[in-house]
Number of protein chains: 2
Amino acid sequence: MLYKVVDGLICAYYSVLQDSVEEVNKMASSSQMLKGVLEGCLLAVISKGETYGYEMIERLQNYGLTMVSEGSIYPVLMRMQKEGLVSTVMRPSPNGPKRKYYSLTSEGRSDLEEFKERWEILSSGVNTLMEKGKV
Amino acid sequence: MLYKVVDGLICAYYSVLQDSVEEVNKMASSSQMLKGVLEGCLLAVISKGETYGYEMIERLQNYGLTMVSEGSIYPVLMRMQKEGLVSTVMRPSPNGPKRKYYSLTSEGRSDLEEFKERWEILSSGVNTLMEKGKV
DNA sequence: GTCCACTACTTTGTATAGCAAGATAGATGA
DNA sequence: TCATCTATCTTGCTATACAAAGTAGTGGAC
């Protein structure tokens with residue numbers, strides 16, 4: 001019961017201290033890590049050089065992430081664009097319709113760094129969990 | 001357009017060949033990996049010895065997975081129980097209400113093994129993606 | 001010259017995962 | 001008896017991942 005109250009106080013604290021909203025988001029996204037791996041991967045791929053969606057799928061599949069498909073990444077890319085993590089340019093393709101090239105904004109780059117840290121924590125945690133259980 | 005047809009054929013193929021349903025599920029769960037890390041972690045924790053929910057949270061936090069909370073794991077545990085991955089026993093606690101102890105069924109053990117394989121693929125993929133990007 | 005196939009992006013609809021918040025309840029000590 | 005700790009379950013929301021289908025430009029085959 002007490003910790004509920006403490007939670008409440010913390011919430012109130014955060015909602016008053018506007019500056020801390022970032023902190024809250026960071027915590028939220030940290031627990032969201034279990035889901036949001038795809039976003040981090042896309043940031044990483046784009047960080048290696050301007051690309052477009054259709055190519056990213058191939059790239060990811062080359063990295064062994066074969067489960068990724070168009071229906072997954074395009075919505076994520078649009079969300080990232082809306083959040084200002086990437087900037088886009090349309091350019092004609094030599095063989096097909098126009099391509100939408102993505103590159104990271106500075107905000108996108110710092111987001112990628114944060115993601116790397118969180119990924120490091122998560123993956124090393126899960127790895128030790130799995131290894132020790134080899135029996 | 002053609003690949004739509006091919007998709008259709010593959011779907012039909014699978015729906016006819018009942019034995020292949022497992023394959024479909026495996027593929028589905030493989031793409032679900034991005035989400036379902038928590039389930040794998042719980043399976044791993046339980047595999048190390050019978051425990052109860054409240055304790056699992058502490059265990060996971062010891063592994064650095066600090067983002068896990070009660071509201072997250074109890075629904076997952078119940079789902080796993082419903083799917084027959086774990087069996088449960090209620091036993092009194094020395095200091096508090098009864099505890100619900102979980103242990104893996106054989107199905108749960110094989111699910112854990114599958115999860116380990118998929119985790120290996122995912123994490124090594126993401127790791128190389130992140131490492132090469134260190135610039 | 002009109003199909004077909006390939007490249008490429010977008011939209012829609014759905015299932016469900018993760019989680020905060022709170023309800024419930026046994027045990028214990030002040 | 002009241003507060004606190006342990007412990008589980010439930011409710012309700014948000015957003016993720018995804019399949020499926022829609023749109024559209026290009027080029028080759030016939």
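What you are looking at is a predicted structure, and each value in this text was computed from that prediction instead of being measured. Below, read A as the first sequence line, B as the second, and so on, with proteins coming before strands; counting in each chain starts at 1.
Pairs passing the ring pair (Phe, Tyr, Trp, His ring centres under 6.0 Å) check and including a residue from residues 68-110 of chain A, sequence neighbours excluded, read A:Y52-A:Y101. Under the salt bridge (charged side-chain N to carboxylate O under 4.0 Å, His left out) criterion, the residue pairs touching residues 52-68 of chain B are B:E55-B:R59, with sequence neighbours excluded.
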Q.
Can you build the contact string for nucleotides 25-30 of chain D? Use B for base contact, S for sugar-phosphate-only contact, and - for no protein heavy atom under 4.0 Å.
A. BSS---
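Rounded to a whole Å, the CE atom of B:M90 is 13 Å from the P atom of C:dA25. Nucleotide C:dG18 holds its C1' atom 13 Å from the CD1 atom of B:I57, rounded to whole Å. Protein atom OH of A:Y54 is 18 Å distant from nucleotide atom P of D:dA24, rounded to whole Å. Atom P of nucleotide C:dC19 and atom CG of B:L42 are separated by 11 Å, given to the nearest angstrom. One can place CD of B:E58 at 10 Å from C1' of D:dT6, the figure rounded to the nearest angstrom. Counting to the nearest Å, the P atom of D:dA7 and the CE atom of B:M56 are 12 Å from each other. The distance from atom CG of B:L65 to atom C1' of C:dC19 is 16 Å, rounded to the nearest whole Å. Distance B:E39 CD to C:dG18 P: 8 Å, rounded to the nearest Å.
Here A:K100 lies in heavy-atom contact (under 4.0 Å) with sugar-phosphate atoms only.
Between A:K35 and A:Q81, the one whose closest nucleotide on DNA chain C sits nearer the 5' end is A:Q81.
A:I57 is linked by a side chain to side chain contact (heavy atoms under 4.5 Å, CB included) to A:Q61, A:E70, A:I73, counting only residues two or more places apart in sequence or in another chain. Partners of A:S124 under the side chain to side chain contact (heavy atoms under 4.5 Å, CB included) rule, at least two apart in sequence or in another chain, are A:E120. Here B:R99 pairs with nothing under the salt bridge (charged side-chain N to carboxylate O under 4.0 Å, His left out) rule; sequence neighbours left out. Residues that satisfy the salt bridge (charged side-chain N to carboxylate O under 4.0 Å, His left out) test with A:E83, not counting sequence neighbours, are absent from this structure.
Across all their heavy atoms, A:L65 and A:C41 have their closest contact at CD1-SG, 4.0 Å. Of all the heavy atoms in B:G40 and A:M130, the pair that sits closest is O-CE, 3.8 Å.
One cannot find a donor-acceptor pair under 3.5 Å joining the base of D:dC18 and the side-chain atoms of A:E70.
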Considering only distance and modelled atom types, tabulate donor-acceptor pairs under 3.5 Å from the side chains of residues 75-82 of chain B, sequence neighbours left out.
{"from": "B:R79", "atom 1": "NH2", "to": "B:E39", "atom 2": "OE1", "distance (Å)": "2.4"}
{"from": "B:Q81", "atom 1": "OE1", "to": "B:K100", "atom 2": "NZ", "distance (Å)": "3.2"}
{"from": "B:Q81", "atom 1": "NE2", "to": "B:T88", "atom 2": "OG1", "distance (Å)": "3.1"}

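At the phosphate of D:dA7, OP1 or OP2 sits under 4.0 Å from a side-chain N or O atom of B:Y52.
Distances from the side chain of A:R99 to the nucleotides C:dT10, D:dA17, C:dT7 place C:dT7 closest.
For the segment residues 71-79 of chain A, the set of residues with a heavy atom within less than 4.0 Å of an atom of DNA chain C comprises A:Y74, A:M78, in numerical order.
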